[in-house]
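Atoms within each ligand, like the ligands themselves, are counted from 1 in listed order.
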Amino acid sequence: MKVFKFGGASVKDADGIKNVLHIVEQEPNDLVVVVSAIGKTTNALERVVNARWEHRDEDAINEYIALRQQHQTIAQQLGLTKDFQNTLFDINPVTDIPLMTNYDEFYDAIVCQGEINSSRILSEFLQTHGVTNQLLMMTELLTTDDTFREAKVDYNAARRIQDAIRQQQKHVYVTQGFIGGTKDHRPTTLGREGSDYTAALLANFIDAESVTIWKDVNGILNADPRLTPQTILIPELSYDEAVELAYSGAQVIHPKSIRPVENKKIPLYVRPFTNPQAVGTVIHQTNKRVNVPVYIWRKNQILITMRAKDFSFILEESLSHIFDIIHRHRLKVSLIQSSAVTISVCVDNNRYVENAIEELSNAFAVTYNMNLSLLTIRGTTPQILQREQDGREILLSQTTRRTARFVVKEK
Ligand code: ASP
Ligand code: MG
């Protein structure tokens, strides 16, 4: 059994979904196909959530109708029946899902629709083209706790998923990335871009032979091709190096998706969906190190600096206090630096940052800078360092022998 994961970009339109059929047809092994929401659906659903939350019901409905139309058009282009088309996005986001007191729970109840609908379309389309398949609902099978928007998967889910996948004598299973559900059947999500993580978890649960993440790039490159004209494909990576890259901000793979495959030594391939014959990158057990410099940008960062308000500053005590606040407010730390009297942390900008800064300000004199990026260069050389620092406004830097990290102003 193999696990294939198709992201939003690879199923962004009818042609993309036809391409999935093509790739699935070519594969002789039994498959679990994990799919993300179509294109930018998750962003659109976030707008529905926010509109509803702010009582802009008309905006919510309009946004939702646009999504319904987009999905129905794709289904129509794929030759799926009118009856089927009518079942897509067929809830009313205002009357069918009550506003809850918990924003995050409400968010998950709406946002999960993206993956539910994309997986239904894919399953139906494969079926009509002779690829018999079974649609599995992760809202029922992938049980999680109730940390909505960042749900933790309950490891008992493994059993349920093994049963679901082995009991049926089907060649192909289609299911949703990114979403799960609590034991009492409330939908949850695992964190943005979490479909890779789902694919890795399922592979772990069913002892898959491999996981393949089909992407709109040739594999893992040494720099983001949207920012750098000349990039080099990295043919293989160890699990640890892959985690480092992903954590530094390489968008090609979600940081949480490495450990589940590493635990069972399952190779994870990143391959281009437009060129299924190409080898791409494999992440597996190897002692080989990447031998080209790798540039990774983590955008939309905030640098928060905390300074002691009095003279009794004790680094260890302050650190635990600071990280307690950071953890409770779900900030994602990308870099830490400390001196005798200050601690600086670079974090992803998200909706919780403001409250966290407020709470930190009770105990420390806090200053912060927004609109920053964190540039990590692995395998750096003195020449590269020189070149990359020229002309940039650098707020903070951290360099070791092989790795340099700069917090810079976004241009
Ligand atoms: N659809 C979700 C998102 O856009 C999950 C994913 O794409 O991996 O964040
Ligand atoms: Mg995505």
Side-chain angles (χ1 to χ4, degrees), residues 3-13 16-17 19-20 32-50 63-64 66-67 70-71 74 88-89 93 103-104 106-123 136-139 142 144 147-153 174-181 187-203 211-217 220 242 246-247 249-261 268-271 273 298-300 330 332 348-351:
V3 177
F4 279 5
K5 181 253 165 176
F6 294 91
S10 46
V11 292
K12 70 175 193 302
D13 51 24
I17 296 170
N19 191 36
V20 174
V32 177
V33 180
V34 176
V35 70
S36 300
I38 285 176
K40 302 268 180 244
T41 301
T42 306
N43 293 349
L45 285 168
E46 284 188 344
R47 292 195 293 274
V48 174
V49 171
N50 291 333
E63 192 81 57
Y64 199 82
L67 274 176
Q70 180 208 6
H71 282 73
I74 291 176
L88 297 168
F89 281 95
Y103 173 91
D104 293 337
F106 180 66
Y107 175 104
D108 284 355
I110 300 244
V111 164
C112 71
Q113 293 298 323
E115 271 69 11
I116 291 176
N117 283 283
S118 62
S119 62
R120 291 190 54 231
I121 293 177
L122 179 62
S123 167
L136 301 177
M137 297 307 290
M138 285 299 129
T139 43
L142 192 67
T144 69
T147 318
F148 295 100
R149 293 186 73 186
E150 222 174 315
K152 308 278 167 305
V153 172
V174 174
T175 196
Q176 312 81 27
F178 174 59
I179 68 174
T188 54
T189 63
L190 311 178
R192 284 300 307 262
E193 305 303 331
S195 294
D196 294 349
Y197 178 47
T198 304
L201 276 177
L202 297 187
V211 179
T212 304
I213 310 237
W214 295 93
K215 298 279 306 183
D216 52 356
V217 285
I220 298 186
Y247 174 75
Q251 302 219 320
V252 70
I253 185 147
H254 193 283
K256 284 206 288 193
S257 54
I258 306 298
R259 293 297 174 221
V261 286
L268 186 152
Y269 297 89
V270 178
R271 295 173 59 189
F273 65 79
R298 189 156 160 168
K299 301 251 171 187
N300 203 8
R330 299 195 194 179
K332 298 274 176 284
D348 292 346
N349 188 2
N350 65 25
R351 60 192 298 273

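Scanning for salt bridge (Lys or Arg N to Asp or Glu O under 4.0 Å) contacts around Arg271 gives an empty result, with sequence neighbours left out. Among residues two or more places apart in sequence or in another chain, the salt bridge (Lys or Arg N to Asp or Glu O under 4.0 Å) test is passed with Arg47 by Glu63.
With ligand atoms numbered from 1 in the order given, ligand 1 contributes 2 (C), 5 (C) to contacts under 4.0 Å with heavy atoms of Phe178. Atoms of ligand 1 found under 4.0 Å from any heavy atom of Ser36, numbered from 1 in the order shown, are 6 (C), 7 (O), 8 (O). Atoms of ligand 1 lying under 4.0 Å from at least one heavy atom of Arg192, given by number and element, are 3 (C), 4 (O), 9 (O).
Within the 4.0 Å heavy-atom cutoff, Glu115 counts among the residues contacting ligand 1. Heavy atoms of Gly194 approach ligand 1 to within less than 4.0 angstrom.
Residues Phe273 and Phe6 place their aromatic rings such that the two centres sit no closer than 6.0 Å.
Between Asp196 and ligand 1, not a single N/O pair is under 3.5 Å apart. Annotation: Thr42 places an N or O atom under 3.5 Å from an N or O atom of ligand 1; distance criterion only.
In this structure, Lys256 places its NZ atom where more than 12 heavy-atom neighbours from other residues, nucleotides or ligands lie under 6.0 Å away.
Thr42 and Ala37 make their closest contact through OG1-CB, 3.6 Å (heavy atoms, listed as atom of the first residue, atom of the second, distance).
A donor atom on one side chain and an acceptor atom on the other are found under 3.5 Å apart for Asp108 and Thr189.
Both the backbone and the side chain of Ser195 come within 4.0 Å of ligand 1, counting heavy atoms alone.
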